[in-house]
Number of protein chains: 2
Amino acid sequence: MNGTISAADIGRGPLYKRVKSLLTQSLADGEWKPNEAIPSESRLAERFDVSIGTVRKAIDELTAERILVRQQGRGTFVAAHTQSRFLYHFYHVVDEDGIKRFPTPELLQFRRIRAEQNVATRLGLDKGARVIHARNLLRIEGYPVEVNDIYVDAEVFEGLDRDTFSNRPGTIYQLYQERFGLNIIRTSEQLRAVAVDESEANLLDIEVNAPVLQVDRIAFTYHSKPVEYRRSLVNTSRHVYQSDQEATG
Amino acid sequence: MNGTISAADIGRGPLYKRVKSLLTQSLADGEWKPNEAIPSESRLAERFDVSIGTVRKAIDELTAERILVRQQGRGTFVAAHTQSRFLYHFYHVVDEDGIKRFPTPELLQFRRIRAEQNVATRLGLDKGARVIHARNLLRIEGYPVEVNDIYVDAEVFEGLDRDTFSNRPGTIYQLYQERFGLNIIRTSEQLRAVAVDESEANLLDIEVNAPVLQVDRIAFTYHSKPVEYRRSLVNTSRHVYQSDQEATG
DNA sequence: AAGTGGTCTAGACCACCAT
DNA sequence: TGGTGGTCTAGACCACTTA
C-alpha cells in the first residue's frame with residue numbers, strides 16, 4: 001500500500017473501462033471543468049497504476065464520445081459548448097441550401113411553476129416539482145423561425161434569474177455549463193409534424209393550422225442524467241431539420 | 001522486394017490510415033462481401049507488412065463506423081443490413097412509446113423514367129439520366145404510416161424489375177446489398193413539416209392538408225457515393241421520428 | 001528544451017468459438 | 001486444441017506546442 005488509487009482494485013471488467021469510469025466520475029464531480037486540461041496521460045497512468053496504453057484507450061473512447069478533446073502538444077481538455085461545437089452538434093436547423101446560421105433568441109417568458117406529469121416524467125422528477133419554464137422566439141436574419149418552451153429543475157438551477165438567462169453571451173448550454181457546471185453531452189429528440197396553434201402562429205408570423213415541425217428534446221449530462229426538456233416548434237417553409245447518420249469512411 | 005504489398009510504399013500520413021484505406025478499397029472492390037469474414041488480423045498484418053497493433057487500429061475505426069463488425073473468437077465480418085441493423089440505424093419511425101416496429105411495404109409503382117433536375121442533382125447524375133422510380137406505402141400494424149418515392153440510377157441497378165423489388169425477403173437496403181453489392185453506410189436527411197396533397201392523403205387515410213413529416217434522404221455507399229434518393233411522407237399522429245445525438249458515456 | 005499527445009512495434013496473456 | 005479477437009504492457013520514436 002502506497003496511497004495511490006489503483007484502478008485494478010475497484011470494479012470488474014476490462015481495466016481501461018474502469019479507468020474510463022473513474023475519469024467520468026471525476027468529470028461529473030467537477031474535478032476538471034469544461035475547457036480545463038485533465039492531467040497528462042503519464043500522470044493518469046501513475047495515478048491509476050496502469051500503463052499509458054490503457055489510459056489512452058480510456059481517453060480514446062471519451063474523445064470518440066466528444067466528452068474530452070485532445071490537442072497534440074498541449075493536452076487533453078474537457079469538451080465545452082463553444083458556439084461552433086453547439087452549432088455543429090445539437091442545433092439542426094439549416095437553410096434550404098444546407099448552410100447553418102445562428103439564430104437570435106428573444107426571451108418571451110421566464111417563470112417558476114409546478115411541473116405537470118409530462119414535464120416531470122421527462123426530467124425524472126415527481127409531478128408538482130418546482131421547475132423553471134422559459135419561452136423563447138428564435139429569429140434567423142430577422143425572420144421568426146422557431147418558438148421553444150424550455151423546462152429545467154428549479155432546484156438544480158437555484159438562483160437562475162430572468163436577466164442571467166436573457167443576457168447571456170453564448171448559447172443556453174454554455175450557460176448551463178459555466179454557471180452550473182452542467183455539461184450537456186447527449187440529446188434525444190422526437191419529431192412530429194403538427195398544425196400550429198393560434199398563439200404560436202402569431203409568433204412565427206404564419207397562418208393558423210399551418211404545418212410546423214414539433215421537436216421534443218431531452219438533454220442529458222454525464223451518466224444519462226436528464227437536465228432539460230424542451231419543446232420547439234419550427235417553421236420549415238424556409239428552413240429544414242438536418243439529420244445525418246453514421247460517420248463517413 | 002519479396003512480392004508482398006507493403007502499406008508503407010503507398011500514400012502518406014499515418015500507417016494505420018493507409019491500412020484502413022486499403023481495407024476500404026478492398027470492400028468497395030467486392031473482395032469481401034457483406035456477412036463474409038475478412039482475413040484475420042495476423043494475416044492482414046503480414047499482407048500489409050505492418051504490426052498487428054496497426055491493423056487493429058485501422059479495424060477499430062472501421063468498426064466504429066460500423067463498416068466492419070468484430071466477433072470475438074470467430075473473426076471480423078463485413079457489416080450487412082440485417083433487419084435488426086437496419087431497424088436500429090436507418091429507420092427512425094417509432095411508436096409514441098418509443099418502440100420500433102417494422103413496417104410492411106406495399107409497392108404501388110415501379111417504372112423507369114428520366115431524372116428531373118432535383119433527382120439528378122441528389123444522385124450525382126445529369127438531368128435526363130435514366131432512373132428507376134418506385135413508390136411504396138408502409139403500414140404498421142395495418143395502418144398506413146408512410147408513403148415514399150425512391151429514385152436510383154437505372155444503370156447501376158440494371159436488370160432490377162418490379163417482382164424482384166416487390167417480393168424481396170428483407171429491407172430494400174438488403175436488396176441493394178445482396179443483388180448489386182452496394183452497401184449503404186451513411187444517410188443524410190432533411191426534414192420538413194408540410195401539408196399533405198390529396199393523393200397522398202388518400203393513401204395515408206388522413207385529411208387533405210393535414211400536417212405530415214417530409215423526409216428527404218440521400219443514402220451513400222463507400223467513398224460517399226450517393227446510391228439512392230428517397231422522399232418520404234410520414235403521418236406522425238400515432239408515430240414519431242426519433243433522432244439521437246452522441247453516444248452515451 | 002521540455003512536455004504533451006500520436007504512432008508503431010513486439011510480445012504476453014486472456015476470453016471465446018469451432019472442431 | 002488451435003485460431004480468433006480482446007486486453008495490457010513497455011518502450012521507442014515522431015509531431016506539435018509552449019516557453
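Numbers restart at 1 for each chain; the letters A, B, ... are given by sequence-line order, proteins then strands.
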### Query
Just how far, in rounded Å, is P of D/dT4 from CZ of B/F77?
11 Å

### Pairing of A/D244 and B/R186 as salt bridge, 4.0 angstrom limit
no

#### Entry: Most 5' of A/S51 and B/P39 on DNA chain D, judged by nearest nucleotide
B/P39

### Message
Using side-chain heavy atoms (C-beta onward) and a distance below 4.5 Å, is A/F77 in contact with A/L68?
### Response
no

### Pairwise 5' ranking along DNA chain C for A/G73 and A/R70, keeping only the more 5' one
A/G73

### Task
Name all pairs fulfilling the salt bridge (Lys or Arg N to Asp or Glu O under 4.0 Å) condition that reach into residues 28-39 of chain A, sequence neighbours left out, sorted by first residue then second.
A/E31-A/R47

### Query
Can A/D216 and A/R122 be said to form a salt bridge (charged side-chain N to carboxylate O under 4.0 Å, His left out), step by step?
CA-CA 10 Å; A/D216 277 3; A/R122 299 190 192 229; 3.5 Å; yes

### Query
Taking atom CD of B/E106 as the centre, does the number of heavy atoms from other residues, nucleotides or ligands within less than 6.0 Å exceed 12?
yes

### Query
Taking atom P of D/dG5 as reference, at what distance in whole Å does atom CD of B/Q72 sit?
10 Å

### Task
Would you kindly give the CD1-to-P distance between B/I38 and D/dG3, to the nearest whole Å?
19 Å

### Query
First and last nucleotide of DNA chain C in contact with chain A, 5' to 3', at under 4.0 Å to a heavy atom: what are they?
C/dG3 to C/dT7

### Query
Side chains of A/D163 and A/S166: donor-acceptor distance under 3.5 Å anywhere?
no

